[in-house]
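We name chains A, B, ... by the order of the sequence lines, and we start the count at 1 in each one.
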Amino acid sequence: MSLTNTQAWKVFAEGLWKNNPIFIMVLGICSSLAVTTFVKNAFVMYLGVAFATVFTSAIVAAIRKRIPATYRMLVFMMITSTLVIVFDRLLKLTLPAVSKEMGPYVGLIITNCIVMGRSEAFAMSNTPWLSALDGLGVSTGYGLVLLAIAVLREVFGMGTLLGTPVMPGGYQRCGLLISAPGAFLCLTVLLFLANFIREARGEGKK
Amino acid sequence: MKNSFLLTLLAGLICGLGPGAPCLLANTPTMPITPPITAPASVISTPTSATPAPATSSHVTPGPFAIDDPMRLLVIFFASVLTNNIALAYFIGMCAFLALSKNTKVAFGMGAAVTFVTGLTAMANWLLNHFVLVPLGLESFQFLVFILTIATIVQFLELFIDRYFPPLYEAFGIFLPLITVNCTVLGTSLFMVLRQYRFWEATVFSFATGLGWMLAILLLAGLRHHLPFCRPPRYLGEIGTALLLAGLMAMAFNGFSGMVKL
């Protein structure tokens with residue numbers, strides 16, 4: 001009760017549902033479609049985006065008064081790409097197989113609109129601590145959607161969850177879900193559900 | 001095979017450019033039959049791992065600028081425009097793809113700008129990577145260097161076009177700043193390095209990728225142009241409908257697979 005009333009919690013929770021980057025802001029769609037064939041990859045992607053967003057937001061907020069307005073994009077991008085390089089190195093070191101499977105999508109965290117969007121919209125006018133929390137909230141909202149898509153696609157498309165078979169024997173895999181169009185359709189279905197729930201709960205008119 | 005290819009390409013173009021858009025919608029449901037069981041190897045793994053290892057020829061490797069196999073350039077071209085379309089098969093550049101596909105004019109402007117910038121930056125990045133980063137062992141800094149190159153080139157391009165081609169600036173100028181953060185540009189550079197393309201291959205690949213993205217966004221804009229005449233489910237919203245259309249287009253583009261192998 002007391003926790004959910006603090007400003008910090010509100011900032012964090014905003015990103016989970018009310019301001020969910022994928023459902024509401026429609027940012028970061030690329031990676032949410034590309035790396036969701038396996039739950040494991042989706043989770044790694046979530047870690048990467050969370051890492052980049054939290055630290056970029058915090059750093060940007062810390063130096064926000066010194067960033068010249070004209071070059072702020074460039075500054076954001078350099079901070080993000082440095083962080084993504086760190087993450088990429090760590091990933092190559094610890095999980096080389098996953099890193100190979102993710103291919104260019106790890107590097108593409110740099111241009112993931114969520115990172116820059118949060119720096120621009122929140123971190124430029126808030127303290128580092130709150131900005132980090134906001135980054136964490138938004139990227140967790142993003143990660144949850146990512147995991148939802150990945151679970152859908154892996155369980156029904158491959159019949160496995162995190163690599164272990166979960167479907168009864170003789171289950172006919174739904175190859176469509178694993179292929180490219182399936183990703184679009186999965187996200188469409190989730191978007192539909194989110195809008196439906198939102199409307200049923202009487203939130204927002206969008 | 002050649003004829004059928006040209007026909008499909010033509011049909012796609014006509015569908016995307018406006019009046020015939022609904023016919024693409026009507027045709028798509030018959031196409032996706034191919035993927036499920038016939039091609040598991042390429043379908044199951046993620047797109048990136050599906051691309052086979054770069055065909056480094058087994059004989060003596062020629063210089064980075066040599067063109068020892070012109071056919072390969074052609075294959076790369078058609079593969080990146082159609083079968084491995086960057087938007088529909090790799091989901092790169094989705095934000096702009098969904099946001100700017102409301103009308104064909106804007107879509108065309110963005111597509112042209114992306115094609116141009118993608119090609120230029122990939123060439124610059126290739127040269128930088130090959131002559132500076134790799135010899136110095138600084139490959140880990142690729143991300144940082146690539147994004148800086150892109151930002152710089154975009155900035156220069158904006159000034160240059162504004163100064164010398166004002167009408168062009170009127171048409172494309174507003175899209176240029178957006179392009180720095182467009183994943184298509186960075187993604188192409190990263191793919192180019194991952195697949196170890198040689199210079200001309202990388203050039204063809206990057207321009208073709210841009211063209212493929214432009215084709216996809218034009219097609220989607222053509223389809224969305226006709227949406228006022230039908231009633232998609234209310235809860236889908238505008239973006240959901242666009243995503244659904246993109247999914248159907250991806251199915252249609254799946255129909256191209258097998259035509260050329262990258």
Side-chain angles (χ1 to χ4, degrees), chain A residues 23 26-38 41 73-74 77-78 80-82 84-85 88-89 92 100-113 116 157-158 172-176 178-189 191-196 198-199 206, chain B residues 32 35-40 43-49 51 88-95 97-99 140-148 151 155 177 180-183 185-187 189-191 193-194 233-237 239-241 243-254:
Chain A
F23 291 151
V26 205
L27 297 176
I29 306 273
C30 317
S31 49
S32 64
L33 296 174
V35 299
T36 46
T37 33
F38 295 98
N41 295 3
M73 290 289 182
L74 208 60
M77 227 154 194
M78 288 184 62
T80 316
S81 40
T82 315
V84 170
I85 289 174
D88 184 49
R89 295 278 106 185
K92 278 207 176 103
K100 199 157 199 184
E101 225 164 84
M102 309 254 293
Y105 295 103
V106 177
L108 285 174
I109 296 177
I110 300 171
T111 46
N112 191 319
C113 328
M116 189 158 298
M158 305 275 293
Q172 182 72 47
R173 291 169 175 182
C174 178
L176 173 71
I178 291 297
S179 66
F184 284 109
L185 299 185
C186 267
L187 186 58
T188 312
V189 169
L191 205 62
F192 181 90
L193 283 179
N195 282 343
F196 183 75
R198 208 174 285 279
E199 199 138 325
K206 264 184 104 177
Chain B
I37 309 136
T38 41
V43 172
I44 284 169
S45 49
T46 51
T48 40
S49 57
T51 56
L88 299 171
Y90 295 115
F91 317 107
I92 289 177
M94 270 298 130
C95 299
F97 183 64
L98 294 175
S140 2
F141 291 94
Q142 266 162 1
F143 297 162
L144 191 62
V145 172
F146 284 2
I147 202 78
L148 278 178
Q155 206 96 78
T180 317
V181 284
N182 189 315
C183 346
V185 182
L186 182 63
S189 287
L190 294 178
F191 267 125
V193 171
L194 274 181
R234 184 162 62 102
Y235 295 119
L236 269 186
I239 294 297
T241 320
L243 266 176
L244 186 63
L245 288 177
L248 293 173
M249 275 166 59
M251 285 182 192
F253 272 68
N254 244 357

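- Inter-residue side-chain proximity for Leu236(B) and Asn195(A) is flagged as unmet; no heavy-atom pair is nearer than 4.5 Å.
- Under the 4.5 Å side-chain criterion, counting only non-hydrogen atoms from C-beta, Thr111(A) is in contact with Ile147(B).
- Comparing Thr241(B), Val193(B), Leu190(B) by heavy-atom pairs within less than 4.5 Å of chain A, the highest count is held by Leu190(B).
- Contact count versus chain A (heavy atoms, under 4.5 Å) is highest, among Pro233(B), Ala151(B), Ser140(B), for Ser140(B).
- Per-residue heavy-atom pair counts under 4.5 Å with chain B were compared for Asp88(A), Thr82(A), Leu74(A), Thr80(A), and the maximum is reached by Asp88(A).
- Taking CD1 of Ile110(A) as the start and SG of Cys183(B) as the end, the distance is 11.0 Å to the nearest 0.5 Å.
- The distance from the CG atom of Leu186(B) to the CG atom of Asn112(A) is 11.5 Å, given to the nearest 0.5 Å.
- Partners of Phe196(A) under the ring pair (Phe, Tyr, Trp, His ring centres under 6.0 Å) rule, at least two apart in sequence or in another chain, are Tyr235(B).
- Summarising the geometry, atom CZ belonging to Phe143(B) is positioned 8.0 Å from atom CG belonging to Leu108(A); distances are rounded to the nearest 0.5 Å.
- A pairwise comparison of heavy atoms in Pro181(A) and Gly247(B) identifies CB-O, 3.7 Å as the closest pair.
- What you find for Ser81(A) and Leu144(B) is that their closest heavy atoms are OG-CD1, 3.0 Å.
- Between the OG1 atom in Thr188(A) and the CG atom in Leu243(B) there is a gap of 4.5 Å [rounded to 0.5 Å].
- Looking at Met116(A), only its side chain comes within 4.5 Å of chain B, counting heavy atoms on both sides.
- For Leu88(B), the parts lying near chain A are the backbone and the side chain together; criterion is any non-hydrogen pair under 4.5 Å.
- Aromatic ring centres of Phe184(A) and Phe91(B): separated by under 6.0 Å.
- In this structure, chain A has heavy atoms under 4.5 Å from both the backbone and the side chain of Phe141(B).
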